[in-house]
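Along the sequence shown, the residues carry numbers beginning at 1. This one's a predicted model, so the numbers in the text were calculated from it and none came from an experiment.
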Amino acid sequence: MATETEVVVAPVSNGVGKGCCKYGGPGYATPLAAMSGPSEKLIYVTAVYTGTGIDKPDYLATVDVDPSSPSYSSVIHRLPMPFVGDELHHSGWNSCSSCHGDASADRRYLVLPSLISGRIYAIDTKENPRAPSLYKYVDPKEIADKTGLAFPHTAHCLATGEILVSCLGDEEGNAKGNGFLLLDSDFNIKNRWEKPGHSPLFGYDFWYQPRHKTMISTSWGAPKAFSKGFNLQHVADGLYGSHLHVYSWPGGEMKQLIDLGPTGLLPLEIRFLHDPAKDTGFVGSALSSNMIRFFKNSDETWSHEVVISVKPLKVENWILPEMPGLITDFLISLDDRFIYFVNWLHGDVRQYNIEDPKNPVLTGQIWVGGLLQKGSPVKAVGEDGNTFQFDVPQIKGNSLRGGPQMIQLSLDGKRLYATNSLFSAWDRQFYPEIMEKGSHIIQIDVDTDKGGLTINPDFFVDFGNEPDGPALAHEMRYPGGDCTSDIWI
């Protein structure tokens with residue numbers, strides 16, 4: 001029987017080809033060095049009008065997060081995309097800490113894949129970081145014609161200067177056509193990354209760990225299903241995933257298909273530990289609401305185990321008799337000490353100590369929205385039959401809308417930012433209020449000594465008051481990189 005390996009693999013210098021041989025490139029030499037980097041002063045946030053009924057282009061918002069600034073906690077710039085109907089979603093960089101050893105590399109372009117239209121934008125953040133500009137975009141028809149791919153989602157920079165983008169289906173929205181798009185350093189289409197016949201069952205997120213010569217990707221569902229809202233029957237019909245796909249890195253051959261079963265329905269975000277020598281990480285199963293640890297065995301295969309379970313709550317006045325937490329995002333602090341995740345429906349953000357990755361310990365929890373907050377028609381039912389709801393604070397006189405969704409952590413691990421929009425069709429279904437009133441960003445102060453989470457009462461960015469109407473805020477990025485954009489090799 002395979003056992004978990006304790007082997008430490010020697011460093012290698014490849015991403016998908018050439019290695020980094022000099023110093024002075026973007027990012028930081030190590031994750032711990034990044035923790036000593038400067039405090040964030042700006043955040044770039046994808047802001048969406050697609051699906052809201054407002055006939056305006058999505059845009060990239062620049063938010064001032066410098067407490068000493070007169071424009072602190074406000075949107076200071078908006079860069080509208082040239083088209084309507086994109087559904088900006090996730091974002092990444094053209095270059096990151098994987099290229100730290102390459103002095104010719106430059107973290108300049110923020111990569112914005114459009115989940116619905118299929119365009120991939122490159123945004124120049126270097127010329128004026130407070131007011132980014134459009135550099136170019138990759139046309140979705142060209143992507144489909146050359147690769148058969150559509151519905152781009154996650155973008156990661158590679159040590160070669162290339163950019164890898166997961167795509168969730170073909171032009172018709174079938175999952176069968178999904179795979180990985182490889183762009184060169186100037187955003188020209190190269191090819192599919194995975195070998196022919198090695199496409200994943202479903203696409204979503206991915207993370208690579210070069211010292212272990214492995215990339216692992218996750219599974220959302222068929223775009224023709226999820227783009228219309230969530231239908232539980234589609235899960236039974238096989239239109240959503242429950243697998244991890246283990247690839248050789250940089251070869252692109254699928255070496256193993258891991259079936260997470262009913263404990264791993266809709267495995268979305270995935271992260272290896274930041275230490276590039278480590279051969280373990282976590283994936284958040286949204287519908288099953290489990291945090292799952294994956295790890296390498298001594299025979300080079302990979303295994304998994306559930307290490308955190310969020311129990312569904314019995315509820316009244318909702319569409320189902322039980323409500324899952326719905327873990328839609330998580331991240332790991334750069335020192336690999338803490339994991340943070342959100343329950344989008346329940347409304348809480350959690351902090352766990354993972355110094356023993358096999359046995360996470362809950363160290364902080366705070367409710368910052370959700371369907372079960374006091375005043376909501378939906379109520380949870382306890383084992384004693386009594387109903388209950390959660391206290392959710394107001395911030396600067398504002399009630400918190402929706403549930404915590406995308407999160408971002410400061411480099412030093414002491415400030416956690418959260419938005420509340422998941423995807424426009426799902427927002428409309430589960431939180432129609434944010435379609436009318438817009439998203440917001442909040443900041444949570446983190447105790448990194450004893451553990452604990454508290455609201456920052458002075459920070460609230462309201463996307464309900466945007467010039468063109470209420471917008472949906474999704475993923476956040478710092479100009480200098482962060483714990484969900486940068487990978488070390």
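- Counting only residues at least two apart or in different chains, disulfide bond (SG atoms under 2.5 Å apart) contacts with residues 222-289 are absent.
- Aromatic ring orientation, Phe226 versus Phe151: perpendicular (interplanar angle above 60°, classes split at 30° and 60°).
- Residues Gln351 and Leu362 share a closest heavy-atom pair of O-CD1, 3.5 Å.
- Of the inter-residue distances, the one linking Met215 atom CE with Glu253 atom CD reads 12.5 Å to the nearest 0.5 angstrom.
- Classification of the His156-Tyr208 ring pair by plane angle, with boundaries at 30° and 60°, yields perpendicular.
- The aromatic rings of Tyr49 and Tyr59 sit tilted relative to each other, their planes meeting at an angle between 30° and 60°.
- When all heavy atoms of Ser199 and Arg192 are compared, the closest pair comes out as OG-NH1, 3.2 Å.
- Of the inter-residue distances, the one linking Asn420 atom CG with Phe463 atom CZ reads 10.0 Å to the nearest 0.5 angstrom.
- Distance check: Leu239 CG to Lys224 NZ gives 6.5 Å after rounding to the nearest 0.5 Å.
- Relative to the ring axis of Tyr340, Arg350 does not place its NZ or CZ within 45° and under 6.0 Å from the centre.
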*Should Thr154 and Val165 be marked as a side-chain contact (heavy atoms from CB on, under 4.5 Å) after you check the CA-CA gap, both sets of side-chain angles, and the distance that decides it?*
CA-CA 5 Å; Thr154 298; Val165 184; over 6 Å; no
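- For Ala33, the side-chain contact (heavy atoms from CB on, under 4.5 Å) criterion is met by Tyr28, Thr30, not counting sequence neighbours.
- Of the N and O atoms on the side chains of Asp106 and Ser95, not one donor lies less than 3.5 Å from an acceptor on the other residue.
- Between His90 and His153, the angle of the ring planes lies from 30° to 60°, which puts this pair in the tilted group.
- Under a cutoff of 6.0 Å and an axis angle of 45°, Arg401 and Tyr431 do not form a cation-pi pair.
- Summarising the geometry, atom CG belonging to Leu182 is positioned 5.5 Å from atom CG belonging to Asn191; distances are rounded to the nearest 0.5 Å.
- Between His89 and His474, the ring planes are parallel. Angles under 30° get that label, and only those over 60° would be called perpendicular.
- Side chain to side chain, Asn353 and Glu355 meet the donor-acceptor criterion of an N or O pair below 3.5 Å.
- Judged as a disulfide bond (SG atoms under 2.5 Å apart), the pairs with a partner in residues 149-253 (not counting sequence neighbours) are, in order, Cys96-Cys157.
- When the side-chain hydrogen bond (donor to acceptor under 3.5 Å, both in side chains) test is applied to Thr147, no partner is found at least two apart in sequence or on another chain.
- Residues meeting the side-chain hydrogen bond (donor to acceptor under 3.5 Å, both in side chains) test with Ser289, sequence neighbours left out: none.
- The minimum heavy-atom distance linking Ile434 with Leu472 is given by the pair O-CD2, 3.7 Å.
- Between the side chains of Asp86 and Tyr137, no donor-acceptor pair is found at a separation under 3.5 Å.
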*Could you check Arg78 against Thr62 for side chain to side chain donor-acceptor pair (under 3.5 Å), going step by step and ending with a plain yes or no?*
CA-CA 6 Å; Arg78 299 165 185 87; Thr62 305; over 6 Å; no
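- Residue Asp275 comes nearest to Pro31 through the heavy atom pair N-CG, 4.3 Å, listed as atom of the first residue, atom of the second, then distance.
- Put simply, the residue from Trp193, Phe180, Tyr247 that forms a side-chain contact (heavy atoms from CB on, under 4.5 Å) with His198 is Tyr247.
- The side-chain contact (heavy atoms from CB on, under 4.5 Å) test applied to Ala425 returns Phe423, not counting sequence neighbours.
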_Phe187 and Tyr109: CA distance, side-chain angles, deciding distance, ring pair (Phe, Tyr, Trp, His ring centres under 6.0 Å) verdict_ = CA-CA 10 Å; Phe187 302 93; Tyr109 301 111; 5.8 Å; yes
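- Across Thr52 and Val48, no two heavy atoms sit closer than the pair CG2-O, 3.9 Å.
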*Run the ring pair (Phe, Tyr, Trp, His ring centres under 6.0 Å) check on Tyr478 and Tyr44 step by step: do they pass?*
CA-CA 6 Å; Tyr478 306 136; Tyr44 300 129; 9.6 Å; no
*Is there a ring pair (Phe, Tyr, Trp, His ring centres under 6.0 Å) between Trp488 and Trp207 once you walk through the steps?*
CA-CA 11 Å; Trp488 281 266; Trp207 199 276; 8.8 Å; no
